[in-house]
Amino acid sequence: MNRTMLTRILSNPGNVKTKFQALQLHAQIIITGNTSSSSHTSTLISIYSNFNNLLHYTILLFHTLHSPPSLVAWKSIIRAYTSHTLFHQALYSFIQMRGFGIYPDHNIFPSVLKSCAVIMDLRLGQSVHGSIIRCGMGSELYTCNALMNMYFKFQGFVALNVFDEIPQRKGVCCTKDLSFGSSESEIKIGSFVDSVRKVFELMPKRDVVSWNTVIAGNVQNGMYEEALIMLREMGNANLKPDSFTLSSVVPIFAEYVDVIKGKEIHGYAIRSGFDSDVFIGSSLIDMYAKCTRMEDSLRVFDLLPRRDAISWNSIIAGCVQNGAFDEGLRFFRLMLSAKIQPMPVTFSSIMPACAHLTTLHLGKQLHGYIIRGRFDENVFIASSLVDMYGKCGNIRMARWIFDRIESHDIVSWTAIIMGYALNGYGNDAISLFEQMEKEGIKPGYVSFIAILTACSHAGLIDRAWDYFNSMTENYGIAPGLEHYAAVADLLGRAGRLEEAYELISNMHIEPTGSVWLTLLAGCRVHKKTELAVKVAEKIFGVDPDNMAAYVLLSNVYAVSGRWKEVAKLRICMRNKGMRKKPACSWIEIKNKVHAFSAGDKSHPYYDRINEALKVLLEKMEREGYVADTNEVLHDVDEEQKKTLLFSHSERLAIAFGVITLPAGTTIRITKNIRVCVDCHTAIKFMSKILGREIIVRDNSRFHHFNGGECSCGDYW
DNA sequence: CTAGGGTTAG
């Protein structure tokens with residue numbers, strides 16, 4: 001190859017199609033001794049920068065330039081850095097280029113603006129905008145699109161309240177190095193949406209990307225109505241929504257829980273042939289799931305021709321959010337066997353399933369996976385681990401992980417406080433809450449649920465009122481159903497039933513059946529039949545099929561011996577097709593869950609369990625245990641009542657734990673309804689006699705039995 | 001030759 005041929009090739013760099021050709025060309029330049037020609041080298045840099053894994057050659061060549069790099073060379077190196085997500089380096093090169101007095105041309109600005117947007121350099125971004133205007137590029141289509149995108153990213157950044165961090169985020173980009181723009185320009189918080197509007201309005205021509213950028217930006221900043229207006233205007237401008245538009249718009253209807261509108265978009269996507277798009281698919285899966293339409297969600301997932309990590313995340317999160325925990329776990333396993341790498345969010349989505357199922361072994365397994373994948377430093381994941389261990393009753397592990405989180409945010413604080421609350425350590429929860437406030441973290445809606453739960457489970461009425469009032473007065477948070485329920489529950493169980501009734505009657509939002517239900521439970525504990533009937537009527541007024549209310553009311557009647565009423569209720573329930581869910585307890589032994597229901601004789605070890613219970617009972621009675629048959633709500637004689645008590649599901653599960661687990665280890669069981677008074681007393685005796693910790697999780701909390709005491713302080 | 005999208009914990 002001679003010089004003329006070389007020049008011809010280099011004058012038409014678009015002809016270089018493969019990496020091999022590029023390398024060959026490089027060799028030719030060296031062979032023909034043309035290395036000192038900076039125009040040849042610049043062309044080669046630009047050729048190299050088009051290829052993905054030739055970044056090192058690009059950089060190397062760039063630094064061998066003898067004379068100051070040309071605009072082509074600068075653009076190539078900036079483009080190469082940007083495409084390798086090395087945004088700081090890209091911006092540094094841009095600033096250097098300006099330092100050489102070289103004027104950028106229109107097609108370099110989009111990359112520069114993107115880099116500013118990614119590394120959140122607000123100052124440089126605005127400064128580049130100034131120079132764009134001064135270069136007369138202020139109405140160039142691509143540049144304007146990139147500008148609008150950048151300003152929307154900035155807006156989101158400001159909304160996150162992390163504005164203080166900006167000086168540290170400057171990185172290598174020091175504004176003073178810029179030879180253009182006002183280096184000390186003030187950043188006006190909240191003006192970024194206005195900046196977008198200005199850019200958008202001044203655009204002489206807008207394409208689909210312009211509209212998509214504005215629509216997506218509005219959605220990401222929570223301005224849904226504005227986004228929908230823009231969608232309509234886009235149509236008026238005779239531009240058809242594409243797959244990008246649709247996948248930005250679908251999340252709006254997920255947020256609005258508007259499945260009708262969501263389906264409309266879905267239909268449009270199908271008609272336009274976008275329904276196999278992974279992006280749209282994922283947002284549709286999420287939208288249907290948030291609208292509790294899991295069948296539709298699953299169908300979209302099944303019909304996707306290609307599934308990436310995000311489609312898997314969406315379906316897993318959807319299942320878990322809708323309470324289909326086993327299904328969620330199934331998809332998680334399928335994801336792993338489909339060889340799709342889980343992402344940090346995957347764990348955050350699946351963890352609540354372990355927390356709800358209290359499958360500690362599964363949670364531990366996931367924790368192991370997280371540590372091996374080095375995901376454990378992610379705050380999201382750490383918080384969900386704290387939550388999971390707290391909800392599985394392993395408060396020590398929850399605390400251990402909590403203490404290892406570098407900087408605690410509101411979510412991790414709330415998770416640990418809730419952990420202590422559920423496990424009956426009300427005072428620890430309160431001192432953590434105070435510590436959180438001291439460290440300047442403002443408690444939010446959920447934090448108050450946690451602290452009120454803590455007060456409720458520890459019987460701290462005055463503290464609860466203090467927090468309940470301070471929530472509105474000091475933090476401007478209006479109490480929601482959960483807050484009312486926690487306080488009503490506390491008052492109810494403390495016997496202050498009239499006060500609870502007053503509270504619920506004067507709520508600023510309409511009370512639901514479940515709020516009244518807490519009071520009904522209080523009536524049952526304190527045997528207040530008249531009030532119970534009144535409360536039950538309130539419940540059936542808003543929620544006629546509330547089964548828990550039927551069960552509680554029938555228990556209230558049973559306590560006061562009104563068996564006729566009990567029978568009437570039973571018939572009523574049967575007519576409504578309701579069946580009382582049988583009491584059931586579980587214990588996990590060697591990763592296997594063993595379930596027991598009261599009087600259940602089906603377990604293969606039944607004889608040994610029964611024997612163990614008998615031995616235990618003898619020892620308990622010697623220690624002073626007397627069976628309390630008051631709580632047996634069946635119209636039977638004393639002896640039968642005792643037999644019924646002794647075969648309660650929690651006792652069977654504990655006895656099975658005693659005969660299978662090594663002596664001294666903790667026995668953990670889960671029960672689907674509240675543990676009864678007599679079993680609570682009995683388990684206290686058991687923990688003392690056996691000299692081991694027994695942890696019982698019922699449907700609302702944990703009981704840690706140790707040395708004859710329970711963490712709930714007999715208050716539950 | 002440069003620009004835009006989906007999933008997340010209490």
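The sequence lines fix the lettering, A, B, ..., with proteins before strands; numbering per chain opens at 1.
- No hydrogens or angles considered: nothing links the side chains of A:N322 and A:T292 as a donor-acceptor pair under 3.5 Å.
- The residue A:I410 sits close to a base: some heavy atom pair falls under 4.0 Å.
- Contact check of residues 70-79 of chain A against DNA chain B (heavy atom, cut-off under 4.0 Å) returns A:R79.
- Remark: the backbone N or O of A:D302 is paired with a side-chain donor or acceptor of A:R307 at under 3.5 angstrom.
- Residue contacts shown for A:V278 include a base, since a base heavy atom lies under 4.0 Å away.
- For the atom pair CG of A:D207 and CG of A:L239, the computed distance is 7.5 Å after rounding to the nearest 0.5 Å.
- Cation-pi contact between A:R404 and A:W400: present, with separation from the ring centre below 6.0 Å and deviation from the ring axis of at most 45°.
- Residue contacts for A:P352: at a heavy-atom cut-off of 4.0 Å it reaches the sugar-phosphate backbone alone, with no base atom in range.
- Ring-centre distance between A:Y467 and A:F433: below the 6.0 Å cut-off.
- Remark: A:R98 qualifies as a cation-pi partner of A:Y103 under the 6.0 Å distance and 45° angle criteria applied to the six-membered ring.
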Evaluate A:M351 against A:I370 for side-chain contact (heavy atoms from CB on, under 4.5 Å), listing each step before the verdict. CA-CA 11 Å; A:M351 204 67 73; A:I370 287 164; 3.5 Å; yes

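- Aromatic ring pairs are classed by plane angle as parallel below 30°, tilted from 30° to 60° and perpendicular above 60°; the pair A:F375 and A:F347 is tilted.
- Residue A:M343 is in base contact, counting any heavy-atom pair closer than 4.0 Å across all strands shown.
- Listed by residue number, the members of residues 390-401 of chain A with any heavy atom below 4.0 angstrom from DNA chain B are A:K391.
- For A:F87 and A:Y81, the ring centers sit 6.0 Å or farther from each other.
- For A:T213 (side chain) and A:V209 (main-chain N/O), a donor-acceptor pair under 3.5 Å exists by modelled atom type.
- Mapping heavy-atom proximity under 4.0 Å, the span of DNA chain B touched by chain A runs 5' to 3' from B:dC1 to B:dG10.
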